Amino acid sequence: MKSILPWLLALPGLLAPLSATAVKPDANPLVFGNNRLTIITPTLLRLEYAHDAAFIDEPTLFAIDRSNTLSTDSIDVTDLGDGHYRITTPALDISYHADGFPFSTSNLKVKYNLDGKEKTFTNRFILSNNLGGPVETLDRVTGPIPLNDGILSRNGWYIIDDERADVLRNGWIEPRDTRKHVQDEYCFIYGNDYKAALASLGAISGKVPLTRKYIHGVWYCRYWDYTADEFLDIVRGYDANDFPLDNLVMDMGWHTNDATVGTGHNGHLNWNGYTWNRELIPDPKALIDSVHARGITVSLNDHPHDGLRPHEEHFGAFAKELGLAPGQVPLFDLSDSTYMKAFFRHAHGPSEDMGVDFWWLDWQQNYLFPYVRGHASTSLSWINELYYRNSKRRGQRGAGYSRWAGWGDHRHPIQFSGDAQANWPMLAFEVKLTACSGQGGCYYWAHDTGGFRGKPNPELTTRWTQFSALSAALRVHSTKDAALDRRPWIDGEPFTSANRRMYHMRSQLMPYIYSSVWQTSNTMVPLNRSMFIDYGDQPESFDQPQQFTFGDIILAAPITSPGTGDDLRASQKVWFPAGEVWYDFFTGERHEGGTTKDVEKPLDEFPMYVRGGWVLPMQPYTPRPATDALSTLVMRVYPSAGDADNTFTLYEDDGVSLDYEKGARATTPLTYSQHGNTARVTVGATEGSYKGQTLRRAYRLLLPGLAAGTKVKVDGRKRTLAVDDATGLPCLDVPARDIRRPLIVEYTLS
């Protein structure tokens, strides 16, 4: 690695303090003998110490991207003499003494700004005031538990120690030589700029990938041994009862078991299997084809801890590829690339050839075997990486569904939070957990809506559904108990109607959700985010564990306690950030920012608010929200608190392929401007194209706060507002037109 200013380092002390001037370095990283300082972003430093300057440039599962370093144009270095240096970035002022020892409190100090005051960072690893992050799993959890760390702290800094991590060479993990390389720390020093910290995480650990669109739709899953006809009855039931569905998950009953295998590594009998259970599902391809024909994807549960065993249908081909001797049965071996390639080909390949869309990796082996044999990497972090890689091999975006494996696992979305208990405290904890998890990189939780196990409680399930409707996916799941089934209509009224309202809302919000997912991929700002990420300049934002923002425009505070009365009314405290005005999504009630209220809601509503002064993109209800074409763009627009000029970008692509990486995507700016009592909504010309793109689109504008019969101008021509039958809101319909043709709607606020 090229050294910084070799002429300075070769002649220490020649530049006296009186003549010291700041100069631009000739390289980044900066090398001082056995110390290397890499300035990755203005707020992220990598500190290394290695004997003989044997630094590590290979990636790790956390530090996957070595290409990002801050431009030398943004760095100044001053040699102060006697091995002392001052190094500055746009955000940090670094004092370093090149004393020949590892980076420590005695040779490194970094000044940064926090709450308007200058603070000093040293790499002491005394971590405090952390704002929380994800946990690995909620298995066997029955109430709130401590959160793990995220990178955000009230102290304005965080350190990740990557020294013991395996390195990746030719795409495979290898142990690093820690005899020479003895220090590898990543110091996030961001002060109050939490979004800069999240961007820095993406700079070193890679951005969260753009997911397949249907991943963010509606899922059905239950631990139950369904027949093929019963699976199809479930799909028909969703349609007949007016509920949307995007993904059907088949739990362990889809495959056979081998009684001779005995108890598996996780203490449960025969969870492992890759041969279809043809007593339950005689023709799996026909079943998959039938589900696909209804516009629904299929995913399978997978417990791979025993690998392929002799009873499996495809073991013979697997054994032949590995060159096994007769009777030889290899252990499942994550460390062996030859084994894993053969495993994916013969365990997953046949089902994928039938049309299986993705796998639910139900891996729990970190409990007993936390590390890959001979490596520092956890088995969960490495198997998530391998499964995600394999899911891309057919030209599609990766699709992961597994438990959280720690730093770097955000590159394998989405995550399964585990088998949580069904009770009110767990629902409240999941709200807090989901809001905080993006701070550690876990951007997309899918939960067991209603809880995995526990006594049936229809009211709890409905309130959980409201929370899940504003999560990464609306997914139900429950244990093998005849009394537990989370199909949203089976509890009867009033729960069926309340659930239907939330499922329909989820369907209608899909354009906003998918555009926000794209935004998360670009910025590393979470979809579900703690209030202090957007409003950290307001002290109240740090004391709101039961509410979150969902993208840029929606604020939610789900109900997490039982209600009373005929309509099961319950309340939740809601803080409305200052500088904004917020509108109740269900009633249109206006709430001024800078206030806190106890909001009471009946069973079929919850505290959910739209930020005034923005265009909220939606679609008409559809039973296949993640795949149906956006032929009509519904826009709900509330007035701002004052003058405004805000743009939300509608994002579209084919939803599945990797073509978006090559530019096959489209964006449409949706702008709300307000000056005095004059407002304008502008749908800009769509830019970009992709396969299957909708080229003509109708528009429906919902304008709460105006009255039916109000006159508006559409592209300069007068029109009269009608009333939307579904919402009762004043509305304007614009016939289908070319998406490249802008639309301008102007009106006067009352």
Side-chain angles (χ1 to χ4, degrees), residues 431-432 434-435 466-467 469-471 501-502 505-506 508-509 512-513 515-516 519 525-560 569-602 604-618 634-648 670-674 677 679 681 701-706 727-730 749-750:
V431 173
K432 177 182 177 180
T434 304
Q466 293 166 354
F467 163 57
L470 295 184
S471 299
R501 192 176 192 188
M502 295 303 107
M505 183 186 75
R506 177 74 184 195
Q508 293 163 344
L509 284 173
Y512 173 71
I513 294 169
S515 297
S516 298
Q519 182 190 62
V525 177
L527 175 64
N528 293 78
R529 60 187 83 149
S530 300
M531 297 303 298
F532 46 76
I533 291 180
D534 285 319
Y535 301 102
D537 59 334
Q538 302 179 44
E540 299 92 337
S541 67
F542 293 93
D543 190 30
Q544 311 299 332
Q546 290 301 293
Q547 69 180 69
F548 53 84
T549 51
F550 185 67
D552 286 343
I553 302 176
I554 292 176
L555 182 155
I559 299 289
T560 57
R569 300 182 74 87
S571 65
Q572 182 63 277
K573 183 189 80 169
V574 184
W575 171 69
F576 299 98
E580 310 280 3
V581 61
W582 302 89
Y583 295 86
D584 189 305
F585 181 85
F586 302 103
T587 68
E589 181 182 0
R590 177 177 170 136
H591 297 269
E592 300 299 327
T595 61
T596 300
K597 299 180 180 179
D598 285 323
V599 178
E600 189 177 69
K601 285 290 185 179
D604 66 343
E605 296 179 7
F606 71 105
M608 173 182 167
Y609 304 91
V610 181
R611 188 178 173 189
W614 292 78
V615 178
L616 177 64
M618 303 173 65
V634 179
M635 296 173 286
R636 191 180 288 208
V637 184
Y638 297 88
S640 64
D643 287 356
D645 190 8
N646 301 317
T647 298
F648 184 89
L670 308 176
T671 301
Y672 176 84
S673 58
Q674 181 178 316
N677 67 343
V681 175
L701 193 62
L702 302 178
L703 295 169
L706 298 184
T727 63
L729 296 176
L749 299 169
S750 57

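Any value given below was found using the heavy atoms of this structure, including those in side chains, with hydrogens, waters and symmetry copies removed. Index from 1, following the sequence. The model shown is predicted, which means the values in this text are computed figures rather than measured ones.
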remark   = Between P704 and P730 the two heavy atoms that sit nearest each other are CA-CD, 4.4 Å

task = May I ask you to establish whether R636 and Y512 are in a cation-pi arrangement, using a distance under 6.0 Å from NZ or CZ to the six-membered ring centre and at most 45° from the ring axis?
result = no

task = Check the pair L703, L729 against side-chain contact (heavy atoms from CB on, under 4.5 Å), reporting the backbone distance first and the verdict last.
result = CA-CA 7 Å; L703 295 169; L729 296 176; over 6 Å; no

ask   = Quick one: does Q546's side chain get under 4.5 Å of K573's, heavy atoms only?
value = no

key: N/O donor-acceptor pair under 3.5 Å between S471 side chain and F467 backbone   = yes

message = Within the structure provided, determine whether M502 and D604 are in side-chain contact (heavy-atom separation under 4.5 Å).
response = no

ask   = Tell me, do L509 and M618 make a side-chain contact under 4.5 Å, heavy atoms counted?
value = yes

ask   = Is there a donor-acceptor pair under 3.5 Å between the side chain of S541 and the backbone N or O of Q538?
value = yes

query = Which heavy atom in A556 sits nearest to a heavy atom in F606, and how many Å separate them?
reply = CB-CE1, 4.1 Å

request  = First locate atom CG of L527, then atom CZ of F550, and finally report the distance between them rounded to the nearest 0.5 Å.
outcome  = 4.0 Å

request  = Could you label the plane-to-plane angle of the Y535 and W582 rings as parallel, tilted or perpendicular, counting under 30° as parallel and over 60° as perpendicular?
outcome  = perpendicular

key: No-hydrogen, no-angle side-chain donor-acceptor test under 3.5 Å, D598 and Q572   = no

query = Roughly how far apart are R590 CZ and Y638 OH, rounded to 0.5 Å?
reply = 12.5 Å

ask   = Is there side-chain contact between T671 and D645, with heavy atoms separated by less than 4.5 Å?
value = yes

key: Between F648 and Y672, ring centroids under 6.0 Å   = no

task = Could you please spell out the steps behind the side-chain contact (heavy atoms from CB on, under 4.5 Å) verdict for V637 and L701?
result = CA-CA 8 Å; V637 184; L701 193 62; 3.8 Å; yes

query = At what distance, to the nearest 0.5 angstrom, does CZ of F548 lie from CZ of R529?
reply = 11.5 Å

message = Show, in sequence, the C-alpha distance, side-chain angles and deciding distance for Q466 and E605, and conclude whether the side-chain contact (heavy atoms from CB on, under 4.5 Å) test is met.
response = CA-CA 8 Å; Q466 293 166 354; E605 296 179 7; 5.9 Å; no

Heavy-atom donor-acceptor pair, Q674 side chain to S640 backbone, under 3.5 Å = yes

request  = Give a yes or no answer on whether the side chain of D584 reaches the backbone of P607 with a donor-acceptor pair at less than 3.5 Å.
outcome  = no

request  = Measure the shortest side-chain to side-chain distance between W575 and Q547 over non-hydrogen atoms and say whether it is less than 4.5 angstrom.
outcome  = yes

inquiry  = Does any part of the side chain of I554, heavy atoms only, come nearer than 4.5 Å to the side chain of T549, both counted from C-beta?
reply    = no

request  = Describe, in one word, how the ring planes of F576 and H591 are oriented to each other, choosing from parallel (under 30°), tilted (30 to 60°) and perpendicular (over 60°).
outcome  = parallel

key: Test item: I533 and P526 side chains (from C-beta on) under 4.5 Å apart, heavy atoms   = yes

note = dist D552:CG -> Q519:CD (nearest 0.5 Å) comes out at 4.0 Å

inquiry  = Is it the case that the side chain of T434 and the backbone of V431 share a donor-acceptor pair, with hydrogens and angles ignored and the cut-off at 3.5 Å?
reply    = no

key: Gap between atom CG of D534 and atom CG of L555 - 0.5 Å precision   = 10.0 Å

inquiry  = Checking E589 against Y583 for the side-chain contact (heavy atoms from CB on, under 4.5 Å) test, could you report, in this order, the C-alpha distance in whole Å, the side-chain angles of both residues, the deciding distance, and whether it holds?
reply    = CA-CA 5 Å; E589 181 182 0; Y583 295 86; over 6 Å; no

ask   = Are side-chain heavy atoms of L470 and M608 found at a separation under 4.5 Å?
value = yes

query = Once you round to the nearest 0.5 Å, how far does CD of E580 lie from CH2 of W614?
reply = 8.5 Å

message = Whether the side chain of S530 engages the backbone of F532 through a donor-acceptor N/O pair (distance < 3.5 Å, no angle test) should be reported.
response = no

